[in-house]
Number of protein chains: 2
Amino acid sequence: MRITQHDIARKANVSQSTVSRVLAGDAKVDASLRRRVQEVLEAENYFRNARAAGLRKRSSAQVGVVLKRPARSLEGDPFVSVLVSCMTEVLRPADYHLCVEVASSSAEQAHIYEQLLRSDRVDGVVVLEPEMRDARFAQLLEDRFPFVVVGDPGEVAVPSVDNDNVMAGALATRHLLEAGCARVGMIAGPDEVRFSEDRIRGYVQAMRAAGQPPRVWHSAFGPRAARETARRAFDEDAPPDALVVLDDAMALGAVSEAQRLGLRVPEDLALVGFNDSGLCELVEGGLSSVALNIEDLIRKATEELLEMMRGRKPIRRTRELVPCSLVARRSSARGGRA
Amino acid sequence: MRITQHDIARKANVSQSTVSRVLAGDAKVDASLRRRVQEVLEAENYFRNARAAGLRKRSSAQVGVVLKRPARSLEGDPFVSVLVSCMTEVLRPADYHLCVEVASSSAEQAHIYEQLLRSDRVDGVVVLEPEMRDARFAQLLEDRFPFVVVGDPGEVAVPSVDNDNVMAGALATRHLLEAGCARVGMIAGPDEVRFSEDRIRGYVQAMRAAGQPPRVWHSAFGPRAARETARRAFDEDAPPDALVVLDDAMALGAVSEAQRLGLRVPEDLALVGFNDSGLCELVEGGLSSVALNIEDLIRKATEELLEMMRGRKPIRRTRELVPCSLVARRSSARGGRA
DNA sequence: CTGTTAGCGCCTTCAA
DNA sequence: TTGAAGGCGCTAACAG
């Protein structure tokens with residue numbers, strides 16, 4: 001049995017409500033009483049029971065986040081680590097805690113959301129990987145439940161924070177053009193994948209602005225698929241001398257294929273990836289990459305959620321784009337305009 | 001304001017405790033009453049308030065896990081994703097939830113543990129990255145708080161689940177020996193790192209058993225450091241024709257150095273890494289790797305914790321080793337005994 | 001079998 | 001300023 005305010009009250013010879021007041025920092029408690037109580041609190045190493053306090057205050061001091069894990073692909077996703085770190089980093093000073101759930105299907109996801117909200121286990125949620133006509137939004141809005149979307153929620157009027165993927169695509173492309181590359185191509189992801197499409201838009205914009213014809217190859221995710229795609233690209237009549245590649249892992253696939261063909265990086269092929277992940281180290285001299293500043297994104301989203309939970313901010317359409325930045329390494333060091 | 005059992009009771013024209021009984025599946029509720037209540041529950045989409053139930057039952061139906069994030073190294077750690085997935089996978093069917101905390105220093109970590117336990121926010125914890133004389137154990141044991149250590153807790157008598165790193169080292173080594181490699185070396189981690197030392201022991205055992213002299217190079221973590229170390233190894237008089245490398249990322253560093261020197265993999269240099277991570281795909285034909293079956297490990301640990309929380313198992317010394325397995329790919333395909 | 005009652009530990013009026 | 005009392009929503013013992 002844990003120690004309660006009642007126990008403290010007895011030992012300090014005051015009423016339990018006085019103990020509660022001292023803990024709350026109530027200014028109108030007599031100094032001597034306060035000291036007595038605080039000494040006992042210290043001595044007994046008292047911590048307030050979170051559940052009881054929450055029951056009374058009608059709040060859990062917890063926020064939730066629901067990950068989606070397609071089927072059984074447990075392959076360590078580095079994003080989760082960043083998500084958890086950044087969220088707790090913001091939540092902790094505000095005395096909030098993080099409850100993480102994992103859904104393996106859409107049906108389960110829906111149930112988890114419902115349970116999370118209606119059982120009052122959390123005071124707010126961060127919604128990941130929004131889908132086009134996302135059933136979660138209606139439910140959350142109807143319940144007036146505080147939430148923030150990370151990603152692109154589409155047309156619905158909800159609070160969201162996102163990368164600027166268009167800018168990211170343009171940034172990578174301009175960088176290669178400025179390095180003097182003559183035929184900058186892009187290896188993108190599968191069709192209809194939102195962030196891929198956005199980066200393509202940025203790429204195309206930048207190419208058009210430079211008066212160059214864009215050239216995009218679609219590829220499945222992963223380094224292996226990207227290697228195959230790169231092979232197709234190098235097989236063409238006028239193969240690219242630079243590639244913007246959808247992410248770092250895929251860029252490594254392209255590098256590996258280039259090496260197989262005896263192409264030198266960056267002399268024969270310059271590359272820029274996305275995410276600025278640890279993978280960039282795997283290329284000798286480093287892989288240039290667009291840092292999406294996911295950390296900032298998560299922190300922003302969490303801060304906004306906090307504001308909403310505190311009732312200082314209404315739950316309404318809001319769209320913040322976190323700027324990205326280019327980390328130049330050897331893979332794109334072609335040295336000035338050709 | 002959320003809907004309560006009281007509301008349900010009124011609408012079904014029964015007492016609130018009957019509602020509670022129906023929810024608890026109490027067999028001795030009359031069938032007609034039960035149906036009436038269940039209809040209302042359904043209609044109102046009732047979910048039990050987790051806090052209130054917990055307060056009464058003296059349990060939170062939550063377990064905690066505290067990650068340690070040294071300073072500001074947010075670099076996405078893929079382990080976190082696996083940890084969270086596997087824990088929730090086991091917890092969910094048991095109706096438990098996961099509360100994740102992140103500590104950036106030892107002091108903060110201690111405080112988080114104390115708060116987590118004493119504020120009764122969770123019913124049990126999974127303890128990661130145990131240290132040699134870990135202050136957490138004493139505290140947890142004294143409070144009779146359910147916990148399981150993932151990793152090697154050393155001499156203290158606590159429940160733990162761990163990889164079999166010795167076996168892992170031996171497995172990798174034997175595999176290379178059986179492939180006909182003549183001089184199998186090992187690139188290990190920094191001194192005194194427990195799992196590295198254990199894998200070295202396995203390596204040495206296997207080499208001795210084969211009548212071969214072991215040769216170990218110590219290296220800092222990361223592919224870059226491993227590349228330097230590999231260079232030193234290749235510089236020796238009788239360079240290794242095969243390497244057991246502490247992890248996949250470091251193995252990639254070695255591969256990259258080998259390629260630079262014109263060595264073919266696996267003909268001139270065979271390799272085996274550890275973790276069977278996604279990085280293995282980055283080597284053409286694949287990097288052979290020892291799968292540590294972290295998923296099993298986490299699931300085992302979580303299951304044991306559940307048992308302890310349910311009071312079906314005491315909190316005492318327990319040490320379970322999860323077996324590992326070798327995933328052979330092209331990087332070690334030397335084709336039978338030479 | 002069902003309803004009434006008594007808390008779980010805390011916060012917060014309301015009187016004193 | 002302090003203490004007594006009520007109630008957050010729920011479970012469980014006790015009557016009936």
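Computed from a predicted structure; not experimentally measured. The figures here come from the full heavy-atom set of this structure, side chains too, leaving out hydrogens, waters and symmetry mates.
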B:E39 and B:R35: CA distance, side-chain angles, deciding distance, salt bridge (charged side-chain N to carboxylate O under 4.0 Å, His left out) verdict: CA-CA 6 Å; B:E39 269 165 22; B:R35 268 215 324 133; 3.3 Å; yes
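Inspection of the B:S104 and B:E108 side chains reveals an N or O donor paired with an N or O acceptor under 3.5 Å. No donor-acceptor contact under 3.5 angstrom links the side chains of A:T318 and A:K313, judged on distance only. Side-chain N/O atoms of B:R319 and B:S160 include a donor and acceptor closer than 3.5 Å. Looking only at atom types and distance, the side chain of A:Q62 has no donor-acceptor partner in the side chain of B:H97 under 3.5 Å away.
Within the structure, salt bridge (charged side-chain N to carboxylate O under 4.0 Å, His left out) contacts touching residues 55-65 of chain A (residues at least two apart or in different chains) do not occur.
B:T4 comes within 4.0 angstrom of sugar-phosphate atoms only, judged by non-hydrogen atoms across all strands, and of no base. Looking at heavy-atom distances under 4.0 Å, B:Q5 makes contact with a base. Counting any heavy atom pair closer than 4.0 Å across all strands shown, A:T18 reaches sugar-phosphate atoms only and no base atom. The residue A:S17 sits close to a base: some heavy atom pair falls under 4.0 Å.
Of all nucleotides in DNA chain C having an atom under 4.0 Å from a heavy atom of chain A, the first and last in 5' to 3' order are C:dG9 to C:dT13. In the 5' to 3' direction, nucleotides of DNA chain D lying under 4.0 Å from heavy atoms of chain A begin and end at D:dT1 to D:dG9.
Overall bending of the helix from C:dC1-D:dG16 to C:dA16-D:dT1, expressed as the angle between end axes built from five pairs apiece, is 50° (10° steps).
Applying a 4.0 Å cut-off to non-hydrogen atoms, the residues of residues 21-29 of chain A that approach DNA chain C are A:R21, listed by residue number. Scanning residues 31-57 of chain A for heavy-atom distances under 4.0 Å to DNA chain D yields A:L33, A:L55, A:R56.
Here the rule is side-chain contact (heavy atoms from CB on, under 4.5 Å) with B:D162, and of B:V149, B:D152, B:V150 only B:D152 fits it.
Two residues are said to be in side-chain contact when any heavy atoms from C-beta on lie closer than 4.5 Å; A:P159 and A:R316 fail this criterion. Between A:L98 and A:V65 the shortest side-chain heavy-atom distance falls below 4.5 Å. Side-chain contact between A:D120 and B:R2 is present, with at least one heavy-atom pair separated by less than 4.5 Å.
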